[in-house]
Participant: 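Here it is, the structure, as structure tokens.
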Amino acid sequence: MRAVTVTPGVANTLRLIEDQPEPAPEEGSILVEALAVGICGTDHEIISGEYGEAPPGADRLVIGHESLGRVLEDPTGTLQPGDLVAGVVRHPDPVPCSNCAVGEWDMCRNGQFTEHGIKGLAGFARDRWRLQPRFAVKLDPTLSRVGVLLEPTSVVAKAWDHIERIGHRAEWQPQTVLVTGAGPIGLLAALLATQRGLAVHVLDRATEGPKPELVAALGATYHAVPVNDLPFEPDVVVECTGAPTVVLDVMCKAGPTGIVCLAGVSSGGRSIDFDAGALNRALVLENNVVFGSVNANRRHWDLAVEALTRADQGWLGSLLTRRVPVEAYTEAYTAGPDDIKVVLEFAS
Ligand SMILES: [Zn+2]
């Protein structure tokens with residue numbers, strides 16, 4: 001069968017191979033036919049050789065961690081043939097650490113977790129894959145066009161879950177949310193904010209392209225100005241750019257008892273002049289919290305299904321700005337100027 005693979009750690013080794021073996025029964029009892037794979041920045045990092053790890057004993061890694069498929073067979077009866085399904089990306093470490101031991105593999109403490117298409121487990125960019133029932137997330141049939149957004153939605157569902165847990169350390173009635181970065185993660189974070197009835201502001205550099213309209217269609221306000229020029233102090237910030245100046249600016253901009261969730265990953269290696277003492281004063285004197293958030297556990301995947309099912313399907317579809325058949329995979333993995341989310345399509 002077909003699979004999109006790389007040699008991890010070696011740049012420009014992206015290849016569609018035709019002789020990928022069928023998924024081994026040890027991968028799980030549920031056999032799935034691939035429908036679509038979403039592409040994100042992590043895939044581009046893996047392709048450029050910065051990241052990625054093949055399964056033990058293998059030279060190549062099948063990439064793809066944002067999955068959507070259709071169940072072919074499930075002898076356990078957990079799912080039925082024809083069900084739409086996505087695979088949980090991260091599996092707990094084998095030790096396991098105290099968090100993985102209770103299913104919170106998103107909070108793994110020893111780094112020995114594995115991840116489909118990223119770290120030690122074959123990805124979903126292949127014609128067929130297998131899942132264990134506990135890593136198989138069923139989607140409503142209405143999500144057949146947009147269900148490939150489930151993985152990025154699980155990431156923001158986790159971010160919101162933790163924002164709310166932190167918020168409830170004291171009386172908490174947030175009203176204003178700032179999302180920085182209007183890529184897929186930022187737009188989905190804004191979607192989940194609107195579903196909570198909050199006043200949502202999205203800040204991005206783009207003044208053209210689809211982003212301003214996508215934000216407006218959510219009923220949110222779009223800003224293409226520096227953070228310091230915003231005319232309000234947000235109660236919650238979801239930072240999705242990873243841009244160092246934006247990260248520092250939002251930490252100072254958050255209002256009293258503000259919560260700043262850092263969901264973007266910086267590249268590092270660049271220093272900027274910054275008044276750390278002023279930041280300390282802002283955080284201490286306003287009881288503010290800054291925290292990082294990555295990945296998602298099973299509970300967050302289930303919350304993501306609810307969020308996508310509630311959302312406007314047309315709006316979700318407009319995030320998928322390019323759908324590319326697997327035969328043209330090199331186009332899919334070449335970033336375009338107006339891309340929000342690019343999807344590689346397998347069977348239809
Ligand atoms: Zn762990």
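Along the sequence shown, residues carry numbers from 1. One-based numbering, in listed order, for ligands and for the atoms of each.
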Participant: At distances under 2.8 Å, what protein N, O or S atoms surround the Zn ion (ligand 1)?
Facilitator: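 Hits for the Zn ion (ligand 1) below 2.8 Å: D93 OD2, C97 SG, C100 SG, C108 SG.
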Participant: Hey, mind stepping through R196 and E164 against salt bridge (Lys or Arg N to Asp or Glu O under 4.0 Å) and telling me if it holds?
Facilitator: CA-CA 11 Å; R196 285 159 170 76; E164 285 164 348; 2.6 Å; yes
Participant: Who pairs with Y329 by ring pair (Phe, Tyr, Trp, His ring centres under 6.0 Å), at least two apart in sequence or on another chain?
Facilitator: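 Partners of Y329 under the ring pair (Phe, Tyr, Trp, His ring centres under 6.0 Å) test: none.
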Participant: Please output the side-chain donor-acceptor pairs of residues 87-96 that fall under 3.5 Å, not counting sequence neighbours, one pair per line with the distance.
Facilitator:
residue, atom, partner, partner atom, Å
R90, NE, E115, OE2, 2.8
R90, NH1, W105, O, 3.0
R90, NH2, E115, OE2, 3.0
H91, NE2, H116, NE2, 3.2
D93, OD1, V95, N, 2.6
D93, OD1, C97, N, 3.4
D93, OD1, N110, ND2, 3.2
D93, OD2, C97, N, 3.0
D93, OD2, N110, ND2, 3.4

Participant: Taking R130 for its side chain and G28 for its backbone only, find out whether a donor-acceptor pair lies under 3.5 Å.
Facilitator: yes
Participant: Among T221, L230, V215, V237, which residue meets the side chain to side chain contact (heavy atoms under 4.5 Å, CB included) test with H201?
Facilitator: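 So, applying the side chain to side chain contact (heavy atoms under 4.5 Å, CB included) to H201 and each of T221, L230, V215, V237, only T221 qualifies.
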Participant: Please list every donor-acceptor pair under 3.5 Å in which a side-chain atom of residues 171-186 meets a protein atom from a residue at least two apart or in another chain.
Facilitator:
residue, atom, partner, partner atom, Å
E171, OE2, Q173, NE2, 2.8
T180, OG1, E239, OE2, 3.0

